[in-house]
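By convention in this document, chain letters (A, B, ...) are assigned in the order of the sequence lines, proteins followed by strands, and residues within each chain are numbered from 1.
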2 protein chains.
Amino acid sequence: MSDELLRALDQAGVRLTGPRREIAALIAKRNGHFTAADLIADAGKRRLGVGRATIFRLLDLLAEQGLVERVDLPDGRHAYVPCEPSHHHHLVCVACGAIAEVEDCGIDAVTSEASRRSGFTIESHRLELFGRCPNCRSAN
Amino acid sequence: MSDELLRALDQAGVRLTGPRREIAALIAKRNGHFTAADLIADAGKRRLGVGRATIFRLLDLLAEQGLVERVDLPDGRHAYVPCEPSHHHHLVCVACGAIAEVEDCGIDAVTSEASRRSGFTIESHRLELFGRCPNCRSAN
DNA sequence: CACACAATGAGACCAAGTATCAACACCCCG
DNA sequence: CGGGGTGTTGATACTTGGTCTCATTGTGTG
Ligand SMILES: [Mn+2]
Ligand SMILES: [Mn+2]
Ligand SMILES: [Zn+2]
Ligand SMILES: [Zn+2]
């Protein structure tokens with residue numbers, strides 16, 4: 001549930017406020033990727049009085065802790081995906097939004113080769129994979 | 001210069017209008033990545049009467065032709081980089097904005113491994129590398 | 001249990017587009 | 001060359017996603 005998010009926030013030394021608990025619960029209830037607008041709508045539907053800004057602020061906090069990550073979908077929308085702090089790449093189902101996390105599987109070789117060829121020092125990278133999850137593939 | 005952009009647009013069967021020529025010239029004059037706002041400012045400075053919408057429309061057109069590509073910078077800004085239609089990944093200097101293009105150097109192995117592990121079919125991917133170009137590295 | 005200071009929400013503001021539509025201009029066709 | 005159909009333009013309004021400000025509130029620490 002949302003306990004994991006709350007525990008991590010506590011760890012990070014921020015206050016565990018009412019609005020934060022409520023938003024964390026909304027996030028935990030989602031699956032796959034979601035937009036800030038989704039959360040704002042969820043909050044509105046349940047008449048939680050949480051402000052728009054608070055939602056963006058919590059997303060920022062969670063992103064800093066590596067508990068969510070922002071992905072730029074191919075259609076240009078910005079989504080957030082819940083994630084483990086240590087894993088780093090996401091596979092996004094373009095049909096249903098499901099997410100799989102893949103840990104590094106050979107990307108380092110790619111970056112060091114790119115570095116060698118270009119003369120750049122590489123500090124970070126972003127890899128996003130888009131496709132169809134097993135469900136959506138069989139549902140054709 | 002901008003001739004290459006114009007030639008490609010002509011090829012694509014769109015009209016070679018005054019505003020398009022002017023915007024293409026602005027793009028050609030830039031180096032590294034630039035934002036739509038940069039172009040809008042450039043156009044304003046030279047008192048070209050080109051509208052905001054026209055600039056966005058040309059960027060879309062060029063993106064369709066693979067002549068520019070949109071990158072999402074780590075700080076959240078949206079930039080465009082000029083590029084060769086066939087190459088597919090970009091190395092972005094976080095200090096000066098310089099761009100290097102790297103062709104596929106082993107990414108396919110990564111995606112097929114990710115596909116195998118996750119059960120997803122992978123349709124596309126996006127890889128962006130951020131670092132420092134040789135100049136900015138030595139300028140410390 | 002008080003109080004410092006972190007966090008909130010309302011609302012204005014901003015950045016990056018997109019939609020609409022009447023006026024315009026490219027360029028093909030005669 | 002000179003219409004004229006239609007692709008293109010720019011003004012303007014609107015949208016989406018996010019940030020800033022600041023007076024008010026509420027947490028957690030001591
Ligand atoms: Mn992750
Ligand atoms: Mn490119
Ligand atoms: Zn799916
Ligand atoms: Zn540089």
Side-chain angles (χ1 to χ4, degrees), chain A residues 5-27 30 33-44 46-65 68-81, chain B residues 5-27 33-65 68-81:
Chain A
L5 294 178
L6 295 175
R7 211 175 321 117
L9 285 176
D10 195 20
Q11 215 69 31
V14 303
R15 293 186 181 171
L16 250 45
T17 66
R20 283 180 180 161
R21 289 168 199 278
E22 282 158 0
I23 300 167
L26 294 179
I27 291 176
R30 299 221 140 245
H33 59 65
F34 56 87
T35 62
D38 289 334
L39 295 182
I40 292 165
D42 288 356
R46 323 198 148 205
R47 306 243 186 302
L48 311 175
V50 306
R52 241 167 68 83
T54 304
I55 291 179
F56 282 107
R57 287 190 281 235
L58 184 60
L59 286 171
D60 283 351
L61 261 179
L62 294 174
E64 270 167 35
Q65 306 303 315
V68 304
E69 198 168 314
R70 233 182 74 169
V71 275
D72 295 286
L73 301 178
D75 65 18
R77 276 153 56 226
H78 292 170
Y80 296 83
V81 313
Chain B
L5 294 178
L6 295 174
R7 212 175 320 117
L9 285 175
D10 195 20
Q11 216 70 31
V14 304
R15 290 188 183 168
L16 252 45
T17 65
R20 284 181 179 158
R21 289 168 199 276
E22 282 158 359
I23 300 166
L26 295 180
I27 292 176
H33 59 63
F34 56 88
T35 62
D38 289 334
L39 295 182
I40 292 164
D42 288 356
K45 246 177 278 168
R46 322 200 149 205
R47 306 243 183 303
L48 312 175
V50 306
R52 246 166 65 81
T54 303
I55 290 179
F56 282 106
R57 287 189 283 236
L58 184 59
L59 286 171
D60 283 352
L61 263 179
L62 293 175
E64 272 167 35
Q65 306 303 313
V68 305
E69 198 167 315
R70 235 182 73 169
V71 271
D72 296 285
L73 269 18
D75 65 17
R77 275 154 54 228
H78 292 171
Y80 297 83
V81 313

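Comparing D:dT8, D:dG18, D:dG28 against the side chain of B:V14 picks out D:dT8 as the nearest. In this structure, of C:dC27, D:dT8, D:dG18, it is C:dC27 that holds the atom nearest to the side chain of B:L16. Closest to the B:F56 side chain, of the nucleotides C:dT18, D:dT9, D:dG17, is C:dT18. Nearest nucleotide to the side chain of B:R77, out of D:dG10, C:dA16, C:dT8: C:dA16.
B:G49 comes within 4.0 angstrom of the backbone, heavy atoms only, and of no base.
Remark: C1' of D:dT9 and CG of B:L61 are 13 Å apart, rounded to the nearest angstrom. Atom P of nucleotide C:dT8 and atom CG of A:D60 are separated by 12 Å, given to the nearest angstrom. Going from atom CG of A:D10 over to atom P of C:dA6 covers 16 Å, rounded to whole Å. One atom, CZ of B:R20, and another, P of C:dC24, lie 19 Å apart when rounded to the nearest Å. In this structure, A:Q11 places its CD atom 14 Å from P of D:dG28, rounding to the nearest Å. In this structure, CD1 of A:I40 is placed 8 Å from P of D:dG17, rounded to the nearest angstrom. In this structure, CG of B:L9 is placed 14 Å from C1' of D:dG7, rounded to the nearest angstrom. The nearest whole Å value for the distance from the CG atom in A:L6 to the C1' atom in D:dG28 is 16 Å.
In this structure a side-chain-to-backbone donor-acceptor pair under 3.5 Å is present from A:D38 to A:T35. Looking only at distances, no side-chain donor or acceptor of A:R52 sits under 3.5 Å from a matching main-chain atom of A:I40.
Comparing B:R21 and B:A37 by the nucleotide of DNA chain C whose heavy atom lies nearest to each, the residue mapping closer to the 5' end is B:A37. Along DNA chain C, the nucleotide nearest B:R15 and the nucleotide nearest B:R70 are compared for position; the residue whose nucleotide lies closer to the 5' end is B:R70. Ranked by how close their nearest DNA chain D nucleotide is to the 5' end, B:A53 and B:G13 are led by B:G13.
In this structure, A:L16 CG and A:D10 CG are separated by 5.0 Å, a value rounded to the nearest 0.5 Å. A distance of 7.0 Å separates CG of A:L9 from CD of A:Q65, quoted to the nearest 0.5 Å. In this structure, the separation between CG on B:D60 and CZ on B:R70 is 9.0 Å, given to the nearest 0.5 Å. Note that OG1 of B:T54 and CG of B:L48 are 11.5 Å apart. Values are rounded to the nearest 0.5 Å.
Within the structure, every side-chain polar atom (N or O) of B:Y80 is placed at least 4.0 Å from both OP1 and OP2 of C:dA16. Proximity of B:T17 to the phosphate of D:dT9: a side-chain N or O atom is located under 4.0 Å from OP1 or OP2. In this structure, A:T54 reaches the C:dG9 phosphate: one of its side-chain N or O atoms is under 4.0 Å from OP1 or OP2. Close to D:dT16, at under 4.0 Å from its OP1 or OP2, lies no side-chain N or O of A:H78.
Interface remark: the A:R57 side chain does not form any donor-acceptor pair with the D:dG18 base, using a distance-only criterion of under 3.5 Å. The base of C:dG9 has none of its N or O atoms less than 3.5 Å from a complementary donor or acceptor on the side chain of A:R52.
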